[in-house]
Amino acid sequence: MSRNLDDQWRSLAPPKEVFKSRVITLCAEPFRCLRTGAVHEFITCRTCDWVNVVAVTPHDELVLIRQFRHGTGKTEWEIPGGCIDASDSSPENAGVRELREETGFVGEHPRIIGRVHPNPALQGNLCYTILIENAVQTSVPELEPTECILTEVLSGETVRSMIRNGEIRHGLVLNALMFYFMEKNR
């Protein structure tokens, strides 16, 4: 068998949209496994690429947010982030925009410090981690009608403690913070 498994599956028909909303499109596509001959219809979720923003203040503190999430039915600790809009010229610009809109913070030197596929079993999009330094609050947040967000500024040690004790549970946020702490420890 080939070490690259990409050639072990064959699509039998073009993807068919089975659900479409403003945020996601679910597609069904039948594939055949060439190793066994098995045929299976796989469902994938198509969505935009995303950004998560690690914003660091001049005092080396991190900007976190809290918001209710309908998937868990709970208020979650997160970092600013969201979809890369068609109007964003780059992931870095999307990160700058999301930080300002969700928290009223702006900063300097936005750069990508990591990227992941959120869930390759179901999704093909990327989530970029954007680091923004010297972040300061210059305005009030510009929240969307469906956003209720509280902003908190916390020390890195407090954030590490929140990770250890399970207060921060969002997988993509944990991933972004891992990229940040790796970058910081270089």
Side-chain angles (χ1 to χ4, degrees), residues 19-26 45-119 123-160 162-163 167-181 183-184:
F19 174 80
K20 186 173 181 78
S21 77
R22 184 181 66 80
V23 179
I24 64 169
T25 300
L26 296 181
C45 174
R46 300 206 174 151
T47 187
C48 62
D49 288 341
W50 302 327
V51 292
N52 268 335
V53 180
V54 178
V56 183
T57 71
H59 301 293
D60 207 30
E61 296 170 307
L62 300 173
V63 178
L64 272 70
I65 61 173
R66 290 187 295 147
Q67 64 181 321
F68 180 82
R69 289 303 196 178
H70 293 83
T72 60
K74 297 182 182 318
T75 298
E76 301 289 347
W77 282 99
E78 300 181 352
I79 54 180
C83 288
I84 299 175
D85 293 343
S87 61
D88 295 318
S89 61
S90 67
E92 295 91 339
N93 286 350
V96 167
R97 177 185 52 75
E98 285 289 346
L99 176 64
R100 181 183 42 76
E101 287 176 357
E102 292 188 355
T103 68
F105 276 75
V106 297
E108 301 173 338
H109 315 297
R111 68 182 187 278
I112 297 170
I113 60 170
R115 63 181 61 80
V116 297
H117 287 286
N119 184 353
Q123 298 166 230
N125 68 319
L126 285 169
C127 182
Y128 296 88
T129 298
I130 309 299
L131 175 63
I132 298 179
E133 300 170 310
N134 296 317
V136 294
Q137 191 169 26
T138 61
S139 65
V140 297
E142 302 167 24
L143 301 178
E144 296 176 16
T146 58
E147 290 179 319
C148 297
I149 295 174
L150 296 174
T151 302
E152 305 275 346
V153 177
L154 303 169
S155 71
E157 185 50 45
T158 298
V159 171
R160 283 190 288 277
M162 293 168 72
I163 292 169
E167 285 181 79
I168 299 176
R169 300 179 294 257
H170 189 304
L172 292 174
V173 170
L174 290 166
N175 182 257
L177 291 170
M178 176 204 68
F179 284 129
Y180 168 69
F181 288 123
E183 180 84 8
K184 187 172 173 64

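Here the structure is a predicted model, which means the values were calculated and not measured.
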Spacing of [X] atom [atom1] and [Y] atom [atom2] [to the nearest 0.5 Å]:
| X | Y | atom1 | atom2 | value |
| --- | --- | --- | --- | --- |
| Glu78 | Ile149 | CD | CD1 | 8.0 Å |
| Glu102 | Gln67 | CD | CD | 6.0 Å |
| Ile79 | Leu177 | CD1 | CG | 5.0 Å |
| Met178 | Ile113 | CE | CD1 | 9.0 Å |

Test side chain to side chain contact (heavy atoms under 4.5 Å, CB included) on Leu64 and Ile168; report intermediate values, then the result.
CA-CA 10 Å; Leu64 272 70; Ile168 299 176; 3.9 Å; yes
Indicate yes or no: at least one non-hydrogen side-chain atom of [X] is less than 4.5 angstrom from one of [Y].
| X | Y | answer |
| --- | --- | --- |
| Phe181 | Ile163 | yes |
| Leu131 | Val54 | yes |
| Phe105 | Ile132 | no |
| Pro118 | Asn125 | yes |
| Arg111 | Glu183 | yes |

Who are the side-chain hydrogen bond (donor to acceptor under 3.5 Å, both in side chains) partners of [X], not counting sequence neighbours?
| X | answer |
| --- | --- |
| Asn119 | none |
| Asp49 | none |
| Ser89 | Asn93 |
| Thr158 | Ser155 |

Among residues at least two apart in sequence or on other chains, which ones pass salt bridge (Lys or Arg N to Asp or Glu O under 4.0 Å) with Glu101?
Arg97
Among residues at least two apart in sequence or on other chains, which ones pass salt bridge (Lys or Arg N to Asp or Glu O under 4.0 Å) with Arg115?
none
Can you give me the closest heavy-atom contact between Ala94 and Asp88, atom names plus distance?
CB-OD2, 3.3 Å
Nearest heavy atoms of Ala135 and Pro58, plus distance in Å
O-CD, 3.3 Å
With salt bridge (Lys or Arg N to Asp or Glu O under 4.0 Å) as the rule and sequence neighbours excluded, what pairs involving residues 142-151 come up?
Arg100-Glu142
Which residues satisfy the side-chain contact (heavy atoms from CB on, under 4.5 Å) test with Pro91, sequence neighbours excluded?
Val51, Ile84, Ile112, Tyr128, Ile130
Sorted by chain and number, sequence neighbours left out, side-chain contact (heavy atoms from CB on, under 4.5 Å) with Arg66 holds for Thr75, Trp77, Leu150, Glu152
Would you check if the side chain of Thr47 reaches a backbone N or O of Val23 as a donor-acceptor pair within less than 3.5 Å?
yes
Selection residues 167-179 - residue pairs positive for side-chain hydrogen bond (donor to acceptor under 3.5 Å, both in side chains), sequence neighbours left out
Glu76-Arg169, Asn165-Glu167
Show me the pairs that pass side-chain hydrogen bond (donor to acceptor under 3.5 Å, both in side chains) and involve residues 52-65, at least two apart or across chains.
Asp60-Lys184
Return the set of residues passing ring pair (Phe, Tyr, Trp, His ring centres under 6.0 Å) with His70 (not counting sequence neighbours), or none when no residue passes.
Phe68
